Structures are given as structure tokens and as C-alpha cells.
Student: 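Could you have a look at this structure, given as C-alpha cells, before my questions?
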There are 2 protein chains.
Amino acid sequence: MAEELNERSQNILEAIVEDYIASAEPVGSRAISRRHGFNLSPASVRNVMSDLEEMGFLCSPHTSAGRIPTEKGYHYYIDSLLQVRDLSQEEESQLRKNYRFKGMKMEDIMQEVGRVMSGLSNYTGLVMAPKFASTVFRQIEFVRLSHGRLLVIYVSETGLVQNKVIEVDADLEQRDLEQISNYLNHELNGMSILAVREKIARELKSERARYDKLQKRALRISSAALQDEAEELLFVSGTSLMLEQPEFSTPEQMRRIIQTFESKKILIDLLDRSQNAQGVQIFIGSQNQDCQIEGCSLITSKFSSQKGAVGTLGVIGPVRMDYSQVIPIVDFTAQLVSRILEREVE
Amino acid sequence: MAEELNERSQNILEAIVEDYIASAEPVGSRAISRRHGFNLSPASVRNVMSDLEEMGFLCSPHTSAGRIPTEKGYHYYIDSLLQVRDLSQEEESQLRKNYRFKGMKMEDIMQEVGRVMSGLSNYTGLVMAPKFASTVFRQIEFVRLSHGRLLVIYVSETGLVQNKVIEVDADLEQRDLEQISNYLNHELNGMSILAVREKIARELKSERARYDKLQKRALRISSAALQDEAEELLFVSGTSLMLEQPEFSTPEQMRRIIQTFESKKILIDLLDRSQNAQGVQIFIGSQNQDCQIEGCSLITSKFSSQKGAVGTLGVIGPVRMDYSQVIPIVDFTAQLVSRILEREVE
DNA sequence: TTTAGCACTCGATCAGCCTGAGTGCTAACA
DNA sequence: TGTTAGCACTCAGGCTGATCGAGTGCTAAA
């Protein structure tokens, strides 16, 4: 990948990638010469293109068509040629204006963030909410639903709310439940869920649990309530925009895309992968091994609060995607959401 | 619509509708004569078909194709010819087996119900949860999120849980909030949301609110908390099954379908319409005025608890839908969900 | 009243042709 | 030595016409 290109080759590669992004049509030597000039005749451009094809940056779908970038070509373009402009003041404020988070709860915010990203980029927006297990305990409340059935309301430090129904053997009055929640809220406040789980397991075995009935009950219930469900919250916005892309215009491809988006599993796996790295990540085409999303590129960034809740958001579109437009959008949005998570705690 | 058909015509119409439902191809006289016999030659069948076309039950896409049912044809078929078999014991128990509702909260149940209906029918499942305003108050709890921001947890009599964030001017401690929720839970228990709203409005104007600080605060907050958001909860399952149908196999149609399903608005309107009638309702083709879902039929039924929460569920598919299969599924599922709502209160 | 027969219609399929866009190569040019 | 004009070549896409087959409508005979 350490190949060097001279300036002319770079210019032409850049022009081809950009033209192709704009038109989705193979780009010919003539068009380059005409539209971009470089003071080169089509024939000269052809020579350069031939070299670029030789080196694997371009390929042609058939003899008499123009050239299109290979994945290697996209990589080179993104790594070496693309300058990602920051959003201008104006753009930023316009982006900000799109959001109305006042009085929204976590889920709504995630949904809205996806919608706005999708709307601005004209591709499909993805937002994966922080996983339950990555959150920090703030508060737990119980509501008795019926004999032995409890509704658990868990609120994390960042304001993520999770409801869950659990079944308990004893029938508890609301007053018992209040006692229990008071106890838990006092004991567990500010701990990470992982630490909470450890603590519960430890204390359940301890001496004290034997005679302290309240504590024992509380531990039992909270153990059930805070069990991981591995439930992933993924919000997908603008699915239909994917179907507008000419590369997914055949019925089979449309079906494949919709099926993939519907099951969510594959998308979640993809987003999971980018939780480790910092900043904006770009997955181009076959880097996403999964053949289900062949021809797609993914631009993601994780967002997080100091306290540890970590989620991922991003945009998915065809490999022929307007990277220069999408990258700053994803970047900015991730920062914005992180800030929102912070402010929630205040 | 009060037209009478003799038995032979009925038989042939029925055969055509069923063959067309099975194959999605225009049905010819030859095929009818061969597959269904009736001891009639193709020529005789042709004569009958010609009459049926004259009367508007059939039409042919072009001269040398077979016939397909018109909407009028479907109506006649459903009203007069179709006998909806009840589910057999076995089928019912198999259907029941598909559901695992233990420990699921309302939203999950709705989602699951849609999934199972879709899976059994091979069409797209729709479930619209009971509207907030149609529920009966059981319990409200508050969680302080940050300065002036409260999380409201509302639980209806049927176990519908709704979270909402509200902003209040005063900064309230958790202890104040408990006082308030105790007060509200005591005062409002068992009332319909509509009645609750009236009561709040009335009492806010009353004498007592002037000097009872707690009450005033409670009323103010609950007023904000129980405001209608007109938020419709619609669950769509098996979108991609729609794309498998040959009638929606062109890119344009696929896009239209996906866009329609994505925005949800149109579907919600459709489901809303069937909330008034009892039992299973069938909307065929252009009965759904909306041209967005041209070529679709909808089979719905509302479900409800004694206490008043009302939702709607159904299946949407092409007009050429297997009505005899789908109708009992929708019927049974609606009853099942109604029973689940009842049991929730116990 | 039913049916066999026949002419007719029309979509679908396929081969053949043409066109235009684009390439690669070569030779001439600066 | 790098650039360019010219030319032969390739190939997808669009158009055309022939053929095929499924199905109809009509008529006349059973």
C-alpha cells in the first residue's frame, strides 16, 4: 500500500473517484480531459489510466467502458487524497439546529440522531445505543404488576432507561419494594454494572445475607433485574435511501439489503467492531467480510461519556459514497452525542 | 353487489381466484378444465369466464392471457365463496407454542406477536399498541435525572409502560417526588387517562390547590407527565416478505413499499380506521384509498382489554393474498392478545 | 347446451444489426 | 522523451423482425 503515485496520477485518480462518486457511471478518458483539463489530451489520460489499472487502483467493467475505482483505489483516495474539511461554523449550527433534544429520553435521542444523520448525508443512518452492561448504576425502581411480577426500571448515570419485567417467588407489596429500591440505590450508586454484578454475587455468599432478610431479598431481586439480556438497541434510519442508490437497484439486491437491515444482527456485529478504536472509522466494501452487505461502505464513530457508557453511530451506503461529506457528519454527530451524554448527568 | 351467480359460475370463479392466489399468473380456461374438471371442456369454461368478465368479476391483462380476478371478484369470493375454517386444535396449540410471553414487557409482546403472525402467514405483520390516551391509570413514578429534569414512568392497568422526560421549574428531591407519586397513585388509581386529565384540570382550578402546596405541585407535574404525545407505537415485522411477492418485484414498487412502511404514518392511519368495528376486517386493494399501498390488502382485528386499552393488529400483503389462511390467524391472534392484556391485571 | 375446430391476438424470447462510447496501439510531432 | 492525433477494435445497449405459444372468440356441428 506504500506505493507512490506522481502528482499527475494522483490528480487523475482523484478526478476519476470523484466523478464516479457523483455519477455512478464508469469514467472515460475523454470526460476527464474535458471536465478537469490538466491540459492533457484524452490519449495521455488513457496512458495514465492504463498505469493506474496496472497498479490495481482502477478497473473497467468491460473493454469499451470507462474505468471505475477498485477498493484499493478508494483506500488510496481516502488515505492520501481526500482532505476532510471540518464543518464550517454555519454548517455546524445548521446541523445543531436540526436537533431538538429537550425533554427527550435516551431512545428518542438515538432515533433522532439517526434520522438527522441520514437526512443530511442522504445515506442510511445507524445508531447503536450504549449497552446495558457498559453503563453506570444510578437508580433502580420497582413497580408491582401482578402476583409475583415486577416491572424494573433501571436508570443509568447517563440517563439510559431500561424497563424489564421479572418474576419473583414472593409476592411483595409496593412498600417492600420501596425499601428494597432505597437500599439498592444507596448501596450501588455510581458503580459500573460489572462491579455491581460482582458485588451482588459476593454479598449473596456473605455471612450477613444469612440473617438480613431485607438485604437478601434485595440482592436476589437485583440480581435478576440487572442480568444481562444482551439486548442490542439499534436504530436504523433512512433504509429507503439505500434503495435509491443505482448499485442496489435490482430486485435481488434490494431484497438482500432489506433483509440485512431487518434482521439487524449483521449491522450490530459491524458496529460492535468499531467500538474499540478512537475517532472515525471507515470500512470499505469487502473489509466488511460479510457478503450480505457486499458493495457497502460503513463510516462509524463511537460515542461515550466519561462515565463509560459507550455506543456507536455511523452511516452506511454504497462503496461509491461521498466520503468527504459523510465523514465530518459522523465525526461531529458522535461528539455531539457524547456531549449530550455528559450533560445528562450534569 | 347483490348479483347472483349460478353454481357453475361460482365454482369457476372460485377456482380462478384460488389458482391465481396460488400462482400469481393469469388463469386460462384450459388450466381450469384440466385441474378442476367440473366435466367441462375449455370452451365451455371460456363461455362462463366471458360472462364473469362481462359482470366485472374477472379481467384479462391482455387478449391472449388468462383471466385474473378483479377486486369485485375478490369481494365476491370472500363474501360468498370462502369458508374460513377455524383453526384446528392442533394448529392452535402450535400457534400458541410460538409465543413465549413470560416475563416480557408490553412492547416486547407486541413485537413478538407481529413476528409470529408474519412468520405463520408469510406476509407482513402489523401491531399497533394501545394508545396512551386509551389506557387506565395504575401507577406513576418519578426519577430525578438532573436539575429540573424528571423521568416519568407511567404504568397502565394492562401493563403498558411509558417513559417520558419532563422539565419542571422547581428542583425536586427524590423524597418530594415520592410524596408526589404516592399522592397521585392514591388519587388516580383505576381512572381512565381521559378522566384523569379532566380531574387534574378541575382540581387545578379548585380552592384547595391554592393553599395545598403538595397537591398543587403534584397536579402540575402530573399534568405535564400525562400530556398526550399522540405517539403511536407501530411494530412492523417481515417487511422483506412483501418484497418476495411477484406483484411487488419491480424496483419502483419495492421502493414505494419500503418508503411506506418506513414512514409508518400511512399504516397507522389504516389501522386506526379499523378500531371501531368488531371482529376481523378486510380491506381489499383500492378500498385503501391511499395509492401508496396500491395492490395491497389488509386484514385486521382490534384487540382490547375489559379496562379499555385498545390496539389493532393485522397482516398486510398483496391483494392476491391467501385469505383463508390469514383470516383465522389474525382472528385468533387478536383474541390471544386480548386475553394476555386481561391476565396482566389479574 | 356443449364442444371441437380454427383464425386471430399478443406477450415473450431470441437472433441479428447498428450505434456510440471507450480503449489500445502506433506513428508523428514538439 | 513525453504528448498527441489517428485508427482499428471491442462491446454493451437499443432497435427490429421472426418465431412461438398460450389463450381467446367465434362458428358450426354434435
Side-chain angles (χ1 to χ4, degrees), chain A residues 5-13 15-20 22-70 73 246-247 249-251, chain B residues 5-13 15-20 22-70 73 246-247 249-251:
Chain A
L5 295 180
N6 61 36
E7 201 184 325
R8 174 189 292 183
S9 303
Q10 287 193 352
N11 285 339
I12 288 180
L13 178 56
I16 291 173
V17 172
E18 284 171 3
D19 276 19
Y20 184 65
S23 71
E25 301 280 318
V27 184
S29 55
R30 210 196 166 71
I32 294 294
S33 169
R34 203 174 343 105
R35 273 204 289 281
H36 297 264
F38 303 137
N39 288 321
L40 289 177
S41 74
S44 307
V45 174
R46 274 208 288 284
N47 288 329
V48 178
M49 283 164 88
S50 185
D51 295 344
L52 287 170
E53 181 164 6
E54 184 82 7
M55 288 187 275
F57 293 108
L58 298 178
C59 65
S60 49
H62 59 84
T63 340
S64 71
R67 302 297 210 299
I68 62 178
T70 59
E247 32 269 276
S249 65
T250 71
Chain B
L5 294 181
N6 61 36
E7 201 185 326
R8 172 187 294 182
S9 303
Q10 286 194 352
N11 285 337
I12 289 181
L13 178 55
I16 291 173
V17 172
E18 285 171 3
D19 277 20
Y20 185 64
S23 72
E25 301 280 317
V27 184
S29 55
R30 207 194 169 74
I32 294 294
S33 170
R34 202 173 345 106
R35 272 205 288 281
H36 296 265
F38 303 138
N39 289 322
L40 289 176
S41 74
S44 307
V45 175
R46 276 209 287 283
N47 288 329
V48 179
M49 283 165 87
S50 186
D51 294 348
L52 287 170
E53 178 161 6
E54 185 81 7
M55 287 187 276
F57 293 108
L58 299 177
C59 65
S60 48
H62 58 85
T63 339
S64 70
R67 303 296 212 297
I68 62 178
T70 59
E247 31 268 277
S249 64
T250 70

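Note that the structure is a prediction, hence the values are computed from the model and not measured. Throughout, a chain's letter reflects where its sequence line sits, starting with A, and its residues are numbered from 1.
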Student: Roughly how far, to the nearest 0.5 Å, is CZ of Arg46(B) from CG of Asp51(B)?
Tutor: 13.5 Å
Student: Search all heavy atoms of Tyr20(A) against all heavy atoms of Pro69(A) and return the closest pair with its distance.
Tutor: CD2-CD, 3.5 Å
Student: Figure out the CZ/C1' separation between Arg8(A) and dT1(D), and round it to whole Å.
Tutor: 12 Å
Student: Would you compute the distance between atom CE of Met49(A) and atom CD of Glu54(A) and round it to the nearest 0.5 angstrom?
Tutor: 14.5 Å
Student: Mind checking the OG1-CG spacing from Thr70(A) to Leu52(A)? Nearest 0.5 Å is all I need.
Tutor: 9.5 Å
Student: Got a donor-acceptor contact below 3.5 angstrom from the Ser33(A) side chain to the Ser29(A) backbone?
Tutor: no
Student: Verify whether one side chain among Asn6(A) and Ser9(A) offers a donor that lies under 3.5 Å from an acceptor in the other.
Tutor: yes
Student: Ignoring hydrogens and angles, write down the donor-acceptor pairs under 3.5 Å from the side chains of residues 55-66 of chain A, residues two or more places apart or on other chains.
Tutor:
| from | atom 1 | to | atom 2 | distance (Å) |
| --- | --- | --- | --- | --- |
| His62(A) | ND1 | Ser64(A) | N | 3.4 |

Student: Would you work out how much the helix from dT1(C)-dA30(D) to dA30(C)-dT1(D) bends between its ends, with each end axis defined by five base pairs, to 10 degrees?
Tutor: 20°
Student: Any side-chain N or O of Ser44(A) less than 4.0 Å from the OP1 or OP2 oxygen of dT4(D)?
Tutor: yes
Student: Ile68(A) has an atom CD1; how far is it from atom P of dA12(D), in whole Å?
Tutor: 14 Å
Student: In whole angstroms, how far is the C1' atom of dT3(D) from the CD1 atom of Ile12(A)?
Tutor: 13 Å
Student: Output one letter per nucleotide in nucleotides 18-30 of chain C: B when a protein non-hydrogen atom lies under 4.0 Å from the base, S when only the sugar-phosphate is that close, - when neither is.
Tutor: ---BSBB------
Student: Rounded off to whole Å, could you give me the CD-to-P distance for the Glu25(A) and dA12(D) pair?
Tutor: 15 Å
Student: Find the distance between CD1 (Ile12(A)) and CG (Asn47(A)) and round it off to the nearest 0.5 Å.
Tutor: 9.5 Å
Student: Can you tell me how far P of dT3(D) sits from CG of Asp51(A), to the nearest Å?
Tutor: 11 Å
